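Step one of this worksheet: look at the structure below.
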Amino acid sequence: MTVHPNGRNVTVNKTRPIALTVGATGAFALLFAATPALADSHTATLSVLHAIPETPVDVYANGERLIDDFEPGTLAGPLTLPGGDYDLALYPADAEDASGEPLLQAMDVSVPAGANATVTAHLTEAGEPALTPFVNDTSAVPAGEGRLTVRHVAAAPAVDVRAGGEVIIDGLVNPNEESVTVPAGSVSADVVVAGTDTVAIGPADVTVAEGANTIVYAWGSADAGYELATQTVQAGASAPTGVPGGSAGLAADEGMPAPLVGLTVAGLAGAAFAGRKYATSRV
C-alpha cells in the first residue's frame with residue numbers, strides 16, 4: 001500500500017502483465033485469457049490502438065479491409081465479434097488492396113469467445129514496429145475507486161509513472177503494463193525516465209472512472225514526440241465505454257459505435273469501424 005501525497009490510498013497491482021509482441025514480419029498465435037463478467041459466451045470484444053507515429057495505415061483481417069486510413073493516436077472499436085482465428089495485417093494507407101509487403105502482420109490470431117482485449121500497433125524500445133495484444137482487466141473494483149492501468153508502448157527505455165510527484169509505478173518497460181487502484185476522480189500524473197526526474201510526458205490530468213479500468217498508453221518516439229492515449233473499460237462490462245476528454249488536452253468524447261454483434265469478417269470489413277476516437281495529448 002502506498003499513500004498518495006494528497007492523502008488518498010493507492011493500491012499497486014504488481015501482477016505480471018499479459019502482453020505478447022511480434023515484429024514487422026513475424027507471425028504469432030495469440031491466446032487471450034477469458035475475462036470475467038462478459039455479456040455473451042460466444043463473442044469477444046476487440047479494440048485496436050494505432051500508436052506508430054506519422055504512419056497512417058489500412059488494417060486487414062482475413063484479407064478484408066477492416067479499417068481504412070487509420071491515423072496514429074486513434075482507438076478503433078470496440079467491436080463485439082465472433083470468437084475464432086484471424087489473420088491481421090497493416091499496410092500503408094491507400095495501398096492497393098492487400099498488395100505488396102505488409103508493415104506488420106500476425107497470422108492465426110486466436111480470439112476466444114469471452115475475451116476483452118486491445119491490440120496495439122506501436123514501436124518497440126528500439127523503434128521497430130510491433131503488434132502487442134493486451135487483455136483488458138474487467139474484474140470488480142471497490143466502490144468509490146477505479147483501476148488505473150499504464151501501458152508502455154513508446155520507443156523509450158524504462159519509465160516511472162508519478163502521481164502528485166510520487167512514483168506509483170516504477171521501472172515499466174516496453175511493452176509491459178502495470179495497474180494501480182485509486183479513488184475515482186482526477187489524477188495529475190507524469191511519466192519520467194526511470195530513476196530520474198526527467199519528464200517525458202506530462203504532467204497530465206487523467207480522469208479515473210469509478211468502477212472501471214482507465215487505461216493510459218504512453219506512445220511515440222523522441223523524433224515524433226511522446227503522447228498519451230486513453231481507453232476506459234467498465235468493470236464487469238464486455239466493451240470499452242470510450243475515450244474520455246480531460247484538461248490535459250485529451251479529445252472530447254465524440255461517441256462510440258454500438259457493439260457489432262455476430263458479424264463475419266466480411267461484415268466487419270464493411271462496417272470499417274464506423275466510429276473512431278482520437279485520443280492524444282502531446283505535452
Side-chain angles (χ1 to χ4, degrees), residues 2 4-13 15 17-18 35-39 45-49 51 73-80 115-118 120 134-153 161-164 168-169 172 177-191 201-219 227-259 275-281 283:
T2 301
H4 192 275
N6 63 11
R8 303 190 304 172
N9 290 332
V10 177
T11 302
V12 181
N13 180 359
T15 56
I18 306 172
T35 53
L38 296 161
T45 297
L46 186 67
S47 299
V48 184
L49 176 68
T74 304
L75 177 69
L79 285 180
T80 301
N116 184 315
T118 301
T120 303
F134 294 94
V135 173
N136 299 320
D137 187 352
T138 60
S139 61
V141 181
E145 297 187 344
R147 180 176 295 111
L148 174 63
T149 299
V150 180
R151 293 172 176 170
H152 183 349
V153 290
V161 179
R162 304 189 303 188
I168 59 172
I169 295 174
L172 187 63
E177 65 174 359
E178 200 163 300
S179 298
V180 296
T181 301
V182 300
S186 180
V187 176
S188 179
D190 61 7
V191 178
I201 308 176
D205 291 333
V206 177
T207 300
V208 179
E210 181 177 1
N213 186 0
T214 300
I215 305 168
V216 178
Y217 299 83
W219 67 282
E227 308 192 31
L228 297 178
T230 63
Q231 174 185 12
T232 303
V233 179
Q234 287 293 336
S238 62
T241 61
V243 180
S247 59
L250 300 177
D253 193 345
E254 299 171 358
M256 296 295 289
R276 294 183 179 179
K277 293 302 300 179
Y278 292 83
T280 61
S281 174
V283 289

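Just so you know, these numbers use all the heavy atoms, side chains as well, and skip hydrogens, waters and symmetry mates. Nothing fancy with the numbering, it's 1 onward along the sequence. No experiment lies behind these values; they were computed from the predicted model shown.
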Trace of the side chain to side chain contact (heavy atoms under 4.5 Å, CB included) decision for Val216 with Leu148: CA-CA 8 Å; Val216 178; Leu148 174 63; 3.8 Å; yes

Residue pair Val153, Phe134: steps toward the side chain to side chain contact (heavy atoms under 4.5 Å, CB included) verdict: CA-CA 11 Å; Val153 290; Phe134 294 94; 4.1 Å; yes

Side chain to side chain contact (heavy atoms under 4.5 Å, CB included) assessment of Val161 paired with Glu178: CA-CA 10 Å; Val161 179; Glu178 200 163 300; over 6 Å; no

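Nearest heavy-atom pair, Ala212 versus Thr232, reported as atom, atom and distance to 0.1 Å: CB-CG2, 3.9 Å. The minimum heavy-atom distance between Ile201 and Ala218, with the atom names listed, is CD1-CB, 3.8 Å. Of all non-hydrogen atoms in Ala204 and Leu228, the two that sit nearest each other are CB-CD1, 3.9 Å. Contact detail for Pro203 and Ser188: the closest heavy-atom pair is CB-OG, 4.1 Å. Of all the heavy atoms in Thr120 and Ala51, the pair that sits closest is CG2-CB, 4.3 Å. Nearest heavy atoms, Val187 versus Ala163: CG1-CB, 4.0 Å.
A distance of 13.0 Å separates NE2 of His152 from CD of Glu177, quoted to the nearest 0.5 Å. Distance OG1/Thr230 to OH/Tyr217: 9.5 Å, rounded to 0.5 Å.
Checked by atom type and distance alone, the side chain of Asp205 never pairs as donor or acceptor with a backbone atom of Ser186 at under 3.5 Å. No donor-acceptor pair under 3.5 Å is formed between the side chain of Glu227 and the backbone N or O of Trp219. The backbone N or O of Gly77 sits nowhere less than 3.5 Å from a side-chain atom of Ser47 that would complete a donor-acceptor pair. The main-chain N or O of Val233 is never found under 3.5 Å from a side-chain atom of Arg147 such that the two would form a donor-acceptor pair.
Thr118 places a side-chain heavy atom less than 4.5 Å from the side chain of Arg151.
The only option from Thr138, Asp137, Thr149, Asn116 that meets the side chain to side chain donor-acceptor pair (under 3.5 Å) definition with Asn213 turns out to be Thr149.
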